[in-house]
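Data block below; observations after.
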Amino acid sequence: MPTVSVGRDRLFAALGRTYTQEEFEDLCFSFGIELDDVTTEKAIIRKEKHLEEEAGEDEEVIYKIEVPANRYDLLCLEGLAQALRVFNKQEDTPQYSLRNISKGSMLKIHVKPETSQIRPYVVCAVLRGMTFDEASYNSFIDLQDKLHQNICRRRSLVAIGTHDLDTLAGPFSYEALPPSSISFIPLKQVKNFRADELMEFYKSDLKLKKFLHIIENSPVFPVIYDSKRTVLSLPPIINSAHSAITLKTKNVFIECTATDLTKAKIVLNTMVTTFSAYCEKKYEIEPVEVIYSNGESFVYPDLSLYNMEVSLSYVNDSIGVALKAEEVTSLLNRMQLSAKHTVPNERQCNITVSVPPTRSDVLHPCDVMEDVAIAYGYNNIPKRKPASLKPLPLNQLTDLIRLEIAMNGFTEVLTWILCSYKENFAMLNRNDDGSAVIIANPRSADFEVVRTSLMPGILKTIGHNKDHPKPIKIYEVGDVALLDAEKDVGATNRRLFAALYCGANSGFELIHGLVDRLMEVIGVPFVPAGDNTGYYIERSDEPEFLSGRQASIVFKGKQIGNFGIVHPEVLKNFDITDPCSFVSINIENFLDI
């Protein structure tokens, strides 16, 4: 989850009161966020530089607060403080509005058709009469960075540009041109660069080099000009120094270029609603008309409310409470969701919820229900066992087997469902039979495939515990995955039981006895070979076991498992020095019993 760093004193000033750390932690918990850490700016710097200096008494306290990943309105102090004030009933949810100007008087940006080759969308807005101080200016910049890392997916989906409107002249144009024909002075530079030169220049820049790949191989680069052909920005890389905002900036022009129009609208709404509080006319935003080459035009931002009907019974049944309609609407108002009910105090009435532009995370009635639960307080919800709670038959069987094997003196282990390709095949003396689910882009060589057997994980456990007193008796009941073209996801799970004995001798007879005991408690009789009414064992030739010291388990004419003495080469591959015996059974075959 994203972490927002805010100055404690400035946050308390915005909330209108001070809190002890314990009180603020309680407030955060009640609102569904978490105070993750309390530190200072200098302490963060000391930690980064590995310094041992003692903290001074005058250092500003910084609160690091974890917020939900889809609550983009909470990614800066302004949005966080506003949400908490509304939650505490200190103020009502702000009402955002567009400046009342005619379409002919609006600023315009013309989109050229070439932009469809690289970043086809742009949305814009203006904040008039802004008043920045150093703290709000830094918060404005920090929110852009947070959005870039979060919903913008490191600028690949959306890139934000902010400009001092008083240094520019509309109308604007959004174009896509060959890099050699774009030239301007980038932010924090004094030299004029061509766009292709910038690509080389920023390859040594620690912050910007990670965004170059988004456009550097394209024949055209996106660029925004004003009416005098002054460059505003080269999205998603850098803005122009000409229109850089400062503490003295009064009118801010915000543009978001994107490959995803929906996310661009969310990002623009987040920026303008959060910082319109600093405008001369509070919460008023000036719209901008975006005109495409095909004649279509759109006015942004879209601050309209989204209305949703939610059943009161759905809310109550999902949470497990019996709230009245008035209580639900009151709780929703605390979460910045304006709500009204149709018929008072009746269980079957509907709640009409108006979702503001700040709450892009509310998409479904379950999101409304969640906000009701947060405002009501999770600790206040009575605990109960759902009447319909019934375990799946496979899980019931799994639990019974786990209990029985544990009573036979075996210790349960839980191993990774992912393993390396080598562990799954070569280290077990097996060839790849094409049944394994291969991870396309593994983060590590240790997690390349989804296991097709429980054997690699159990043998690794023994290999890492060689010094443990012998004998070692362990077992696992877990899933493996196999490719299956008949399934909609292309693979299927299988629930297996596996056990291993490791000691001074192989313990083959103990594993054989464990198989017989398991079949006895499940209710499967031992029968002669060829009889399909129970189970029997027959000679097998699996490469992971020692030849002549292994057997297949056959149930109703179908092979369901194997057991035997583990091959010495396999033991050597896993760095195991003592002999071992192993059994593996597909327990899904017993569900019909």
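Just so you know, residue 1 is the first one in the sequence shown, and it goes up from there.
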Inset, instruction - Check whether the side chains of Thr273 and Ser276 place a donor and an acceptor atom closer than 3.5 Å, and report yes or no. - result: no
Inset, instruction - Applying side-chain contact (heavy atoms from CB on, under 4.5 Å), run through Ile374 and Met335 and close with a yes or a no. - result: CA-CA 9 Å; Ile374 291 171; Met335 301 301 291; 3.9 Å; yes
Just wondering, do [Y] and [X] contact through their side chains at under 4.5 Å, heavy atoms?
X      : Y      : answer
Leu323 : Leu331 : yes
Tyr96  : Pro301 : no
Val126 : Val288 : yes

Inset, instruction - Check ring pair (Phe, Tyr, Trp, His ring centres under 6.0 Å) between Phe447 and all other residues, then give those that pass, not counting sequence neighbours. - result: Trp416
Given 3.5 Å as the limit, does a donor-acceptor pair link the side chain of [X] with the main chain of [Y], or not?
X      : Y      : result
Asp260 : Thr262 : yes
Asn380 : Tyr376 : yes
Lys282 : Glu280 : no
Lys250 : Asp166 : no
Arg155 : Ile237 : yes

Legend entry - Pi-cation contact, Phe193 with Lys191 (under 6.0 Å, within 45°): yes
Inter-residue atom distance [X].[atom1] - [Y].[atom2], 0.5 Å rounding:
X      : Y      : atom1 : atom2 : result
Phe31  : Leu80  : CZ    : CG    : 7.5 Å
Leu232 : Ser240 : CG    : OG    : 7.0 Å
Cys152 : Gln144 : SG    : CD    : 9.5 Å

Inset, instruction - For the residue pair His364 and Tyr314, categorise the inter-ring angle as parallel (less than 30°), tilted (30 to 60°) or perpendicular (more than 60°). - result: perpendicular
Inset, instruction - Quick one: sort the Phe172 and Phe253 rings into parallel, tilted or perpendicular, breaks at 30° and 60°. - result: parallel
Legend entry - Partners passing side-chain contact (heavy atoms from CB on, under 4.5 Å) against Arg443 (at least two apart in sequence or in another chain): none
Legend entry - Set of side-chain contact (heavy atoms from CB on, under 4.5 Å) partners for Arg153, sequence neighbours left out: Asn150, Ser156, Leu157
Inset, instruction - For side-chain contact (heavy atoms from CB on, under 4.5 Å), just list the numbers for Glu216 and Lys203, CA-CA rounded to whole Å, side-chain angles, deciding distance to a tenth of an Å, and then say yes or no. - result: CA-CA 11 Å; Glu216 67 178 339; Lys203 281 181 179 178; 3.7 Å; yes
Legend entry - Verdict with reasoning, Glu327 to Lys324, per salt bridge (charged side-chain N to carboxylate O under 4.0 Å, His left out): CA-CA 5 Å; Glu327 294 176 286; Lys324 296 180 180 179; over 6 Å; no
Legend entry - Residue pair Lys281, Glu286: steps toward the salt bridge (charged side-chain N to carboxylate O under 4.0 Å, His left out) verdict: CA-CA 11 Å; Lys281 292 186 177 179; Glu286 182 178 318; over 6 Å; no
Inset, instruction - May I have the step-by-step check of side-chain contact (heavy atoms from CB on, under 4.5 Å) for Arg359 and Asp73, ending in yes or no? - result: CA-CA 7 Å; Arg359 293 299 309 275; Asp73 58 312; 4.0 Å; yes
Legend entry - Distance flag, aromatic centroids of Tyr225 and Tyr174, threshold under 6.0 Å: no
Legend entry - Pair Tyr202 and Phe211, ring centroids less than 6.0 Å apart: no
Does atom [atom1] ([X]) have a neighbourhood of more than 12 heavy atoms from anything else shown, all under 6.0 Å?
X      : atom1 : result
Tyr137 : OH    : yes
Asn294 : CG    : yes
Phe132 : CZ    : yes
Lys146 : NZ    : yes
Glu91  : CD    : yes

Legend entry - salt bridge (charged side-chain N to carboxylate O under 4.0 Å, His left out) evaluation trace for Asp92 with Arg334: CA-CA 8 Å; Asp92 295 328; Arg334 293 181 64 194; over 6 Å; no
Inset, instruction - With ring-ring contact (aromatic ring centres under 6.0 Å, His included) as the test, would you mind laying out the steps for Tyr63 and Phe24 before giving the verdict? - result: CA-CA 10 Å; Tyr63 277 178; Phe24 188 72; 5.1 Å; yes
